Structures are given as C-alpha cells and as structure tokens.
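Here's the structure we're looking at; comments come further down.
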Number of protein chains: 2
Amino acid sequence: MSQAQQSTVRNRLLASLSAGDYALLRPHLETVTLEVRDHLFRADQKIAHVTFPEYGIASIVADTGEGRFEVGMVGSEGFAGTSVVLGIDRTPHTCLVQATGEAIRIGSGELQSAMDRSPTLRAHLLRFIHTFIVQVSQTAYANAGYSLEERLARWLLMTHDRLEHDDMPITHEFMSIMLGTRRPGVTLAVQMLEGTGAIRASRGHITILDRDKLEHLAGQSYGFAEKEYSNVFALPIKRGR
Amino acid sequence: MSQAQQSTVRNRLLASLSAGDYALLRPHLETVTLEVRDHLFRADQKIAHVTFPEYGIASIVADTGEGRFEVGMVGSEGFAGTSVVLGIDRTPHTCLVQATGEAIRIGSGELQSAMDRSPTLRAHLLRFIHTFIVQVSQTAYANAGYSLEERLARWLLMTHDRLEHDDMPITHEFMSIMLGTRRPGVTLAVQMLEGTGAIRASRGHITILDRDKLEHLAGQSYGFAEKEYSNVFALPIKRGR
DNA sequence: CGACTTGGGTACGAGTCCGTACCAACATTT
DNA sequence: AAATGTTGGTACGGACTCGTACCCAAGTCG
C-alpha cells in the first residue's frame with residue numbers, strides 16, 4: 001500500500017491530474033504487481049478496483065463462451081475498469097494481464113466517491129473513455145477490412161507503444177488468441193513481417209527493428225485511435241524515451 | 001421547437017429520466033426530423049447537438065479516408081453524441097441517418113450544463129455509454145470471426161430492434177457499406193437468408209418473416225450487447241409493440 | 001541424461017470473400 | 001414510349017484464411 005507521490009507516477013492519467021485531484025485519490029491508492037494471466041476483473045462479476053498500469057499491459061477481452069478475443073488494450077496511458085467510471089461495477093468483458101508490470105489501483109467505491117467530489121477528476125477520466133471508444137472502434141474497423149499481417153502489425157505497434165523495450169516477450173499462440181485467428185496463421189504473418197526487416201522473431205520473443213516500416217505495413221489500421229488520444233490529452237500516446 | 005411532454009416521449013432514455021431531470025432539459029429540447037443521409041455530426045467537426053431518436057436509426061461510422069464503415073447504431077434506445085457527454089465536442093466518427101424518423105435534440109452546451117447540475121442525469125447518460133461500448137465491442141467481435149451471412153443477420157436484427165415494422169426499406173448497396181463488404185456479397189447472403197425463410201427480399205426492401213430463425217442464424221454475433229442493455233436499464237432493447 | 005512440456009514450422013484441401021465486370025429489372029422523368 | 005438512373009443478379013479467377021494434422025526444436029525437470 002505505497003501511496004506514491006504524484007511526481008514519481010508513470011501512469012499518464014494519474015500524472016496529469018491536478019495536485020488537488022491526486023490528493024483526493026492518494027489515500028486510497030495501492031500499488032500492485034501485474035503477472036501475466038492475472039485477471040483484473042472477470043465477465044459479469046463485480047469489479048473491485050479500477051487499475052492504472054504503471055508498466056505492463058492489460059487486455060480487455062470479450063468473453064462469449066465461443067472463445068475470447070481482444071477488443072482493447074491498456075497500458076500506462078489509461079486505466080482498466082471503464083464501466084466503474086460510467087457508474088456500473090460489472091461488465092460482460094474480462095480484463096487480463098498481457099504483459100507483466102506494475103499498477104496503481106483504487107477501490108471502485110472510493111473512486112466513485114472521489115469523482116462525485118471532484119468534477120475535474122471525473123472529466124479527466126471520462127475523456128480517456130472517449131479515446132477508449134475510439135480504440136475499440138478501430139479494432140472493429142481493422143477486423144473488418146484488414147489482412148492478418150496488417151492486423152498483426154497493428155497489434156505489435158500497440159503493444160510496442162505500451163512497453164519500454166523493443167524486445168517483447170510474446171508467443172505466437174498468445175497473438176493468435178488476441179487476434180482471434182489460427183496459430184499457424186500467426187507464424188506465417190510473423191515470417192512475412194520478419195522478411196521485410198521490420199521485426200525479428202525468436203522463440204517466445206518479437207523484437208521491433210524498424211518501427212516506421214511496421215507502421216507502413218499496418219496501413220490505416222493503426223494510428224487513428226492514437227491520434228485521437230494525442231488530440232484529447234495533448235500528449236503522444238507513446239511515452240518519450 | 002416543440003418541448004414535448006415527457007409522457008409522450010418515445011426515446012427510452014428520455015422517457016426513463018426522473019421528472020426533475022426531464023424538466024431540466026425540457027426548455028432546451030427541440031424536435032427535428034431525420035432524413036436518410038442527414039449527418040448528425042461529421043468527423044472532427046464540432047458536435048452542435050446531442051440527438052435522442054424517437055423513430056428511425058442513426059449510424060455511427062468510422063471515417064478513415066479509406067472508406068467508411070459502421071461501428072455502432074442508435075435508435076430510440078439511446079442517443080448520438082457520446083463524446084459530448086464525455087466532455088469532448090468533437091470525435092473522429094461521423095454520424096448519419098440510416099432510417100428516416102424523428103428525434104429530440106439538445107445543444108451540446110445546454111446538455112453539459114444540465115449534467116453539471118444533475119448527477120442523476122449524468123449517471124443515466126453515462127450508463128448508456130457503457131452499453132454503447134459493449135455494442136461497439138460486439139461489432140469488433142462479429143467482424144473478427146463471423147461470416148458475411150452471420151453478420152448480415154446480426155445487422156438486420158439490430159435494425160429490426162430499432163424500427164416499428166417488419167418491412168424495412170434497405171438496399172443491398174447500403175448494407176454492403178455498413179458491413180464493409182462487396183455489394184454482390186450482400187446479394188448472395190440475402191439469398192441465403194431468404195432461402196431459410198427467415199426474411200423475404202424485394203427491391204429496396206427486406207421483410208423479417210421469422211425473427212427466431214434469424215437470431216439462430218446470427219449465432220453468438222448477436223445478443224451480447226442487447227442483453228447488457230437489458231441488464232443495465234432493466235428494460236429489453238426492443239420496444240414492446 | 002532422458003522424458004516431458006511448450007513453442008514454432010509446415011503442409012494441404014476446402015471454403016469464403018474479394019475485385020471486377022456485365023447484364024437485367026424496375027422506377028422516374030420527359 | 002424512350003431515356004436515364006437505381007437496384008439487384010450473376011460470373012469467374014485469385015487471394016486469403018480456415019481447419020486439421022503432424023513434426024521439429026528448445027527449454028525444463030526428474
């Protein structure tokens with residue numbers, strides 16, 4: 001229960017709160033580690049906490065009984081638990097950790113009380129939800145009209161945006177679940193991308209070699225949502241480094 | 001500028017507001033007609049009004065320069081202009097009328113002031129946004145893993161939910177744009193669905209003959225978001241008739 | 001070291017959908 | 001009735017992805 005000083009917080013939303021709003025949250029903040037496959041919340045069960053990642057990535061997946069697949073992704077640019085901010089402590093989605101890391105979380109009730117007391121806090125979090133809707137829309141868009149390679153390129157870019165390193169620990173199997181496709185299909189797509197020199201693949205790892213090339217390969221499937229985030233928060237989605 | 005009495009309002013969100021919250025909005029409400037292809041707002045331009053359909057349907061489409069396609073649909077169960085409620089009067093999406101009808105609208109600024117004065121009003125509208133996120137997620141889900149016939153069945157069901165009649169004026173061309181596919185593909189899919197007896201097609205019209213059969217054909221691509229709406233508002237999405 | 005688990009590569013037939021093109025049926029206007 | 005525009009039906013080759021199956025390589029653990 002380390003109630004971090006705001007100046008040391010990496011999460012972009014928390015870091016960009018006014019000092020007063022942060023002070024309102026601080027007594028209730030709790031630092032936790034994120035381990036791959038941890039669940040931050042599960043479909044149709046009460047959401048206990050809203051989670052602001054510091055490092056690592058959480059995936060929001062739709063869980064229909066006919067297999068899950070990813071509808072959105074959150075790292076240190078946002079938070080997981082949009083429905084709590086919208087006043088509902090339950091959702092048909094599941095949220096699980098995609099990349100190991102660390103997060104600051106707050107109880108759902110505490111956050112709701114704090115938002116009731118601070119209109120500027122609420123406004124800040126609602127703006128993120130707008131950008132999240134755009135992200136989910138873009139997932140719908142990408143799924144509708146783009147090839148597996150293009151969608152894979154998009155997914156790698158989104159993951160890259162939210163991690164520190166160019167070397168990312170990801171298996172083909174995992175990507176196939178996130179993209180809702182076959183595992184052998186991912187293998188082929190990875191080989192294609194590797195052939196262009198944009199990435200390098202090794203057992204359980206993908207390394208980004210040439211980000212510009214990858215963006216070119218992703219085409220219009222990437223960029224839309226990221227641009228909106230920049231506009232709304234006047235900050236690029238990717239942390240400078 | 002007919003400031004409708006709440007008891008005669010068809011829009012489910014407006015109708016289910018408390019009398020006090022409705023009174024807060026009433027001076028600013030304005031009734032307008034919706035004509036096919038009218039735009040309620042355009043990508044990256046200021047959103048002047050939030051629109052609550054009474055009859056008819058509005059589509060929210062992503063507009064990437066590489067062709068538009070639908071990410072969500074709103075009828076009398078909700079409203080168009082989620083980003084205004086989230087505090088942003090601009091969005092990369094475009095909203096256009098899909099089916100002729102009528103709507104009650106309110107200026108973006110007036111609605112924002114009203115929400116600032118009434119927490120219950122804000123909460124009500126935010127709950128709808130949660131259900132809208134689920135709808136967009138399901139579009140992403142359907143686009144990822146379902147065949148054209150299944151997605152067409154889903155789209156027809158969603159349209160049927162929001163219209164009064166089993167007979168719906170829709171062209172193949174229009175469906176192909178909404179589904180992001182080729183027009184001849186729609187023709188084939190329509191014939192498939194017609195072959196099962198679920199619908200009947202005639203020039204510019206689709207008639208729903210057997211809704212249960214259509215739901216069965218749509219499989220898991222339909223139902224998810226509609227169920228969530230029912231849970232959140234304790235009302236079925238389809239108006240009784 | 002040998003067995004086991006996990007992750008990755010490959011193959012092949014089948015089905016879906018795309019891109020493109022052309023024609024037929026219907027509606028509206030003059 | 002002819003002209004024009006809209007809508008719907010059909011065809012065909014090619015690209016992509018699926019479903020399924022099998023094997024190989026790398027790490028792990030007794």
Side-chain angles (χ1 to χ4, degrees), chain A residues 35-37 66-67 69 98-100 140-156 167-196 199-207 217-221, chain B residues 35-37 66-67 69 98-100 140-156 167-196 199-207 217-221:
Chain A
E35 294 296 338
V36 175
R37 263 170 273 191
E66 307 280 277
F69 95 113
Q98 175 196 317
T100 302
Y141 175 68
N143 288 347
Y146 287 82
S147 72
L148 184 48
E149 279 134 69
E150 291 165 324
R151 282 181 292 141
L152 178 61
R154 170 182 182 240
W155 190 86
L156 290 174
D167 182 68
M168 311 189 293
I170 315 167
T171 68
H172 292 192
E173 171 73 20
F174 187 78
M175 290 184 270
S176 76
I177 294 171
M178 290 298 116
L179 295 173
T181 185
R182 294 168 317 134
R183 203 265 311 150
V186 171
T187 300
L188 291 177
V190 166
Q191 289 167 348
M192 293 278 197
L193 296 181
E194 201 170 7
T196 69
I199 65 172
R200 188 176 59 234
S202 63
R203 188 186 178 79
H205 286 264
I206 301 281
T207 307
L217 290 165
Q220 295 292 315
S221 75
Chain B
E35 293 296 337
V36 174
R37 264 170 272 191
E66 307 279 277
F69 94 112
Q98 174 196 317
T100 302
Y141 175 68
N143 287 348
Y146 287 82
S147 73
L148 184 49
E149 279 135 69
E150 291 164 324
R151 282 182 291 139
L152 177 60
R154 171 183 182 241
W155 190 86
L156 291 173
D167 183 67
M168 311 188 294
I170 316 166
T171 67
H172 291 192
E173 172 73 20
F174 187 79
M175 291 185 269
S176 77
I177 295 171
M178 291 298 116
L179 295 173
T181 186
R182 294 170 316 134
R183 203 266 309 152
V186 171
T187 301
L188 290 177
V190 166
Q191 289 167 348
M192 293 279 196
L193 296 181
E194 200 170 7
T196 69
I199 64 171
R200 188 176 59 232
S202 63
R203 186 185 180 79
H205 286 264
I206 300 283
T207 307
L217 289 164
Q220 295 292 314
S221 75

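Throughout, a chain's letter reflects where its sequence line sits, starting with A, and its residues are numbered from 1. All values reported here derive from a predicted model rather than from experimental measurement.
- Taking atom CZ of R200(B) as the reference point, atom P of dG8(D) lies 15 Å away to the nearest angstrom.
- Taking atom CG on L188(B) and atom C1' on dT7(D), their separation rounds to 15 Å, with Å as the unit.
- For the side chain to side chain donor-acceptor pair (under 3.5 Å) condition, the pairs that include at least one residue of residues 171-182 of chain B, sequence neighbours left out, are H172(B)-T187(B).
- For M178(A), the side chain to side chain contact (heavy atoms under 4.5 Å, CB included) partners are S59(A), V61(A), E70(A), W155(A), F174(A), not counting sequence neighbours.
- The side-chain hydrogen bond (donor to acceptor under 3.5 Å, both in side chains) check on E150(A) picks up S147(A), with sequence neighbours excluded.
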Polar atom pairs (N or O), protein with nucleotides 24-27 of chain D, under 3.5 Å:
{"unit_1": "dA26(D)", "atom_1": "N3", "unit_2": "R203(A)", "atom_2": "NH2", "d": "3.4"}

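- Atom C1' of nucleotide dT6(D) and atom CZ of F174(B) are separated by 16 Å, given to the nearest angstrom.
- Put simply, CD1 on I206(A) and CD1 on I170(A) are 6.0 Å apart, with the number rounded to the nearest 0.5 Å.
- Here the closest non-hydrogen pair linking F69(A) and A144(B) is CE1-CB, 3.8 Å.
- Summarising the geometry, atom CG belonging to L148(A) is positioned 9.5 Å from atom CE belonging to M192(A); distances are rounded to the nearest 0.5 Å.
- At a threshold of 4.5 Å between non-hydrogen side-chain atoms, the residues E149(A) and L217(A) do not count as touching.
- Distance, R183(A) CZ to dC23(D) P: 15 Å, rounded to whole Å.
- The span of DNA chain C lying next to chain A, judged by atoms under 4.0 Å from heavy atoms, is bounded 5' to 3' by dT6(C) to dT10(C).
- In this structure, T196(B) has no side-chain hydrogen bond (donor to acceptor under 3.5 Å, both in side chains) partners at least two apart in sequence or on a different chain.
- The NE2-C1' distance, from H205(B) to dG8(D), rounds to 14 Å in whole Å.
- Using a 4.5 Å heavy-atom cutoff, the side chains of H205(B) and M168(B) are not in contact.
- Under the rule for a side-chain hydrogen bond (donor to acceptor under 3.5 Å, both in side chains), T100(A) has no partner lying at least two apart in sequence or in another chain.
- Taking the screw axis at each terminus of the helix from dC1(C)-dG30(D) to dT30(C)-dA1(D) from five consecutive base pairs, the angle between the two is 30° to within rounding of 10 degrees.
- When all heavy atoms of R151(B) and Y146(B) are compared, the closest pair comes out as NE-O, 3.2 Å.
- Residues passing the side-chain hydrogen bond (donor to acceptor under 3.5 Å, both in side chains) test with R154(B), sequence neighbours excluded: T139(B).
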Between N or O atoms, less than 3.5 Å apart, protein on one side and nucleotides 13-18 of chain D on the other: list the pairs.
{"unit_1": "dT17(D)", "atom_1": "OP1", "unit_2": "L148(A)", "atom_2": "N", "d": "2.6"}
{"unit_1": "dC18(D)", "atom_1": "OP1", "unit_2": "T181(A)", "atom_2": "OG1", "d": "2.8"}
{"unit_1": "dC18(D)", "atom_1": "OP2", "unit_2": "T181(A)", "atom_2": "OG1", "d": "2.6"}
{"unit_1": "dC18(D)", "atom_1": "OP2", "unit_2": "R182(A)", "atom_2": "NE", "d": "3.3"}

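- In terms of heavy atoms, N143(B) sits closest to A140(A) at ND2-O, 3.0 Å.
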